[in-house]
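None of the values given here were measured: they were computed from a predicted structure. Here, residue 1 is the first one in the sequence, and each next residue gets the next number.
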Amino acid sequence: MIYATQWPYAYGGPSVKAVFKENAEDFVVVEQLGFEPEGQGEHVFLWIEKRNSNTTWVAEQLARFASVPSVAVGYSGLKDRQAVTQQWFSVSIHPDAEPDWRQLESDELRVLKVERHLRKLKRGVHKSNHFTIRMRHIEGDRDKLHSQLKKIKIEGFPNLFGEQRFGRMGNNLRGAERMFAGQKVKRQQRQFYLSAGRSWLFNTLLAERLASNDWLVASPQGHYFLSGSGSHFHAAGEADLVDRVASGDIHPAAPLWGRTKGQLDADQSSLSERYPVFCQGLEAAGMNMEFRAVREIPNDFEWRDEGDTMLLSFSLGRGSFATALLRECFDWSEAGAE
């Protein structure tokens, strides 16, 4: 099967060309946990800055350095490799066995803070991520670019999963198809494949809404998220839905596929009929039906022209991709990419 990973745009498509990630410092991500470690407990919380390194690689280094099994190390989110990122890790280790974490430091890794906490850091518990991004060698319609950025600041952007979720040339999607057909895969790869399949179904549905220009239409029986929170609700004919969507108070939602006890709505039935391999495979894997907002409005969004460069700064809720914002107005190439 051919898997489309190019999606329609909300604001007319890119207005300029640019180079992205010319160096690691052009993409800085700071994880915002949303709570403070309690200062005591069986888990060490490490605030780590990594450069050009995978989150999973850092977790492996921590486990090896502390002489603990990999399951003793926790983190909330996977951060980009080609970037400078700051995020929390947890390590379950007795105080008497705790090493000197500073000896772990290198050009790729720095330990910025060490705290204690009662519980392991689990996936998806952080509140948001703050991004500082430098786009270089910009060529094109700057006036249109500024107009698009202003729209995104007020109205938001389609909350698509980034292309990195699907692997190079969509390889994670083809891997998911083989796995659903019975091929055995390792546990970590299985999670990548499940996530890719689920994300692709979401993007496919959102892309169809974008193409028909109804991605923000308020349905009286639809699913919604409250802005700035993880609170989700199913509408039952509320009269003020249109105004609340227009003001950014709530966002329409689309399904993240999985098992459901309820009756499928029109969108869900359509996906189930068109993509039975993915839908049935996700259900058989034990995934439950969830929902994701189709729109994300960036917080503290600012940008500044610096000659042929632009510096952008904003925060996004966990699970939202900075590249989904950038794609709306930048046609970029990554430095060094083939």
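- R304 is not listed as a side-chain neighbour of M310, based on a closest heavy-atom distance of 4.5 Å or more.
- The distance between the ring centers of W200 and Y3 falls below 6.0 angstrom.
- You'll find the side chain of E22 reaches within 4.5 Å of the side chain of H137, heavy atoms only.
- Side chains of S219 and Q221: no donor on one and acceptor on the other come within 3.5 Å.
- Taking the six-membered ring for Trp and thresholds of 30 and 60 degrees, F131 and F27 have nearly parallel ring planes, at less than 30 degrees apart.
- Linking ILVMFWY residues whenever their side-chain heavy atoms come closer than 4.5 Å, directly or via other members, leaves I152 and Y9 in distinct clusters.
- Of all non-hydrogen atoms in G248 and I297, the two that sit nearest each other are CA-CD1, 3.9 Å.
- Ring pair F35/H117: centre-to-centre distance below 6.0 Å.
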Test log, rule side-chain hydrogen bond (donor to acceptor under 3.5 Å, both in side chains), inputs Q268 and Q263: CA-CA 9 Å; Q268 295 165 358; Q263 185 175 357; over 6 Å; no

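- The two atoms that bring D100 and F65 nearest to each other are O-CZ, 3.3 Å, heavy atoms only.
- Remark: side-chain polar atoms of R295 are not paired, donor with acceptor, to backbone N or O of P158 under 3.5 angstrom.
- Between F233 and Y224, the two ring planes are parallel [angle under 30°; tilted spans 30° to 60°].
- Residues V44 and F89 form no side-chain contact, since every pair of their non-hydrogen atoms from C-beta on lies 4.5 Å or further apart.
- Note that the OG atom of S53 and the CD atom of E60 stand 11.5 Å from one another [nearest 0.5 Å].
- Salt bridge E38/R119: present, at least one basic N to carboxylate O contact under 4.0 Å.
- Under 3.5 Å, the side chains of H130 and S313 contain a donor-acceptor pair of N or O atoms.
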As a quick check of understanding, evaluate salt bridge (Lys or Arg N to Asp or Glu O under 4.0 Å) for R136 and D308, giving each step before the final call. CA-CA 6 Å; R136 298 182 183 272; D308 70 345; over 6 Å; no

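- Atom CG in L201 sits 12.5 Å away from atom CG in L206 (nearest 0.5 Å).
- I138 and W303 fall within a single hydrophobic cluster, where Ile, Leu, Val, Met, Phe, Trp and Tyr side chains are chained together by heavy-atom contacts under 4.5 Å.
- For R110, the CZ atom sits in a loose shell: 12 or fewer heavy atoms of surrounding residues, nucleotides or ligands are nearer than 6.0 Å.
- The shortest non-hydrogen separation linking T5 to W7 is O-NE1, 3.3 Å.
- In this structure, E306 places its CD atom where more than 12 heavy-atom neighbours from other residues, nucleotides or ligands lie under 6.0 Å away.
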Tell me, with the steps shown, if I48 and Q61 meet side-chain contact (heavy atoms from CB on, under 4.5 Å). CA-CA 12 Å; I48 286 179; Q61 302 310 302; over 6 Å; no

Carefully, step by step, assess R142 and D305 under the rule side-chain contact (heavy atoms from CB on, under 4.5 Å). CA-CA 10 Å; R142 287 292 187 105; D305 285 308; 2.5 Å; yes

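- A salt bridge is absent between K150 and E302: the closest approach of a Lys/Arg side-chain nitrogen to an acidic carboxylate oxygen does not fall below 4.0 angstrom.
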Verdict with reasoning, L104 to R102, per side-chain contact (heavy atoms from CB on, under 4.5 Å): CA-CA 5 Å; L104 184 65; R102 291 172 299 179; over 6 Å; no

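- Hydrophobic clustering keeps V242 apart from L226 (ILVMFWY residues linked when any side-chain heavy atoms are closer than 4.5 Å, directly or through intermediates).
- Between the side chain of D243 and the main chain of D240, no donor-acceptor pair closer than 3.5 Å is present.
- We find the CG-CH2 distance between L194 and W257 to be 15.0 Å, quoted to the nearest 0.5 Å.
- Counting only heavy atoms from C-beta outward, the side chains of R198 and M287 approach each other to under 4.5 Å.
- Proximity of a side-chain donor or acceptor of E25 to a complementary backbone N or O of V84 within less than 3.5 Å is not detected.
- Checked against a 6.0 Å centroid threshold, the rings of H251 and F225 do not count as neighbours.
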Stepwise, does the salt bridge (Lys or Arg N to Asp or Glu O under 4.0 Å) test hold for R51 with D107? CA-CA 8 Å; R51 186 182 189 277; D107 292 341; over 6 Å; no

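- Residues H232 and H223 meet the side-chain proximity criterion, which asks for heavy atoms closer than 4.5 Å.
- Side-chain atoms of T85 and V30, non-hydrogen and from C-beta on, never get closer than 4.5 Å to each other.
- P252 has its side chain out of reach of V217: every pair of non-hydrogen atoms, C-beta onward, lies at least 4.5 Å apart.
- How far OG of S76 is from CG of N129: 8.5 Å, rounded to the nearest 0.5 Å.
- Aromatic ring centres of F45 and W47 lie farther apart than the 6.0 Å criterion allows.
- For L271 against C279, the heavy-atom pair with the smallest separation is O-SG, 3.6 Å.
- Side-chain contact, R274 with S270: a donor N or O sits under 3.5 Å from an acceptor N or O.
- From S320, atom OG reaches atom CG of L160 across 10.0 Å, with rounding to the nearest 0.5 Å.
- Here the CZ atom belonging to F291 is positioned 8.5 Å from the CG atom belonging to L256, to the nearest 0.5 angstrom.
- Judged by the 6.0 Å and 45° rule, R292 forms a cation-pi pair with F161.
- Residues D214 and S212 have side chains that bring a donor and an acceptor to within less than 3.5 angstrom of each other.
- Without hydrogens or angle criteria, E42 side chain to H94 main chain gives no donor-acceptor distance under 3.5 Å.
- Between E283 and R259, none of the side-chain N atoms (NZ, or NE/NH1/NH2) sits under 4.0 Å from a carboxylate O, so this pair counts as no salt bridge.
- Distance alone, capped at 3.5 Å, places no donor-acceptor pair between the N172 side chain and the G175 backbone.
- With a 4.5 Å cut-off on side-chain heavy atoms, M289 and K261 do not count as touching.
- A donor atom on one side chain and an acceptor atom on the other are found under 3.5 Å apart for T55 and Q87.
- Shown here is K151, whose NZ atom has no more than 12 heavy atoms of other residues, nucleotides or ligands within 6.0 Å.
- The main-chain N or O of S195 is found under 3.5 Å from a side-chain atom of S199 such that the two form a donor-acceptor pair.
- The heavy-atom pair separating P37 from E115 by the smallest distance is CB-CB, 3.7 Å.
- No path of Ile, Leu, Val, Met, Phe, Trp and Tyr side chains, each step under 4.5 Å between heavy atoms, connects L121 with W57, placing them in separate hydrophobic clusters.
- Looking at E105, its side chain does come within 3.5 Å of a backbone N or O of V111 through a donor-acceptor pair.
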Derivation of the salt bridge (Lys or Arg N to Asp or Glu O under 4.0 Å) call for K127 and E31: CA-CA 8 Å; K127 181 180 180 181; E31 183 178 83; over 6 Å; no

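- Put simply, F157 and F314 are part of the same group of oily side chains (I, L, V, M, F, W, Y) that touch within less than 4.5 Å, one to the next.
- Across every non-hydrogen atom of R209 and D267, the tightest pair is NH2-OD2, 2.7 Å.
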Report the C-alpha separation of W215 and N159 in whole Å, then their side-chain angles, then the decisive distance to 0.1 Å, and conclude whether the side-chain contact (heavy atoms from CB on, under 4.5 Å) test is met. CA-CA 11 Å; W215 67 293; N159 195 23; over 6 Å; no

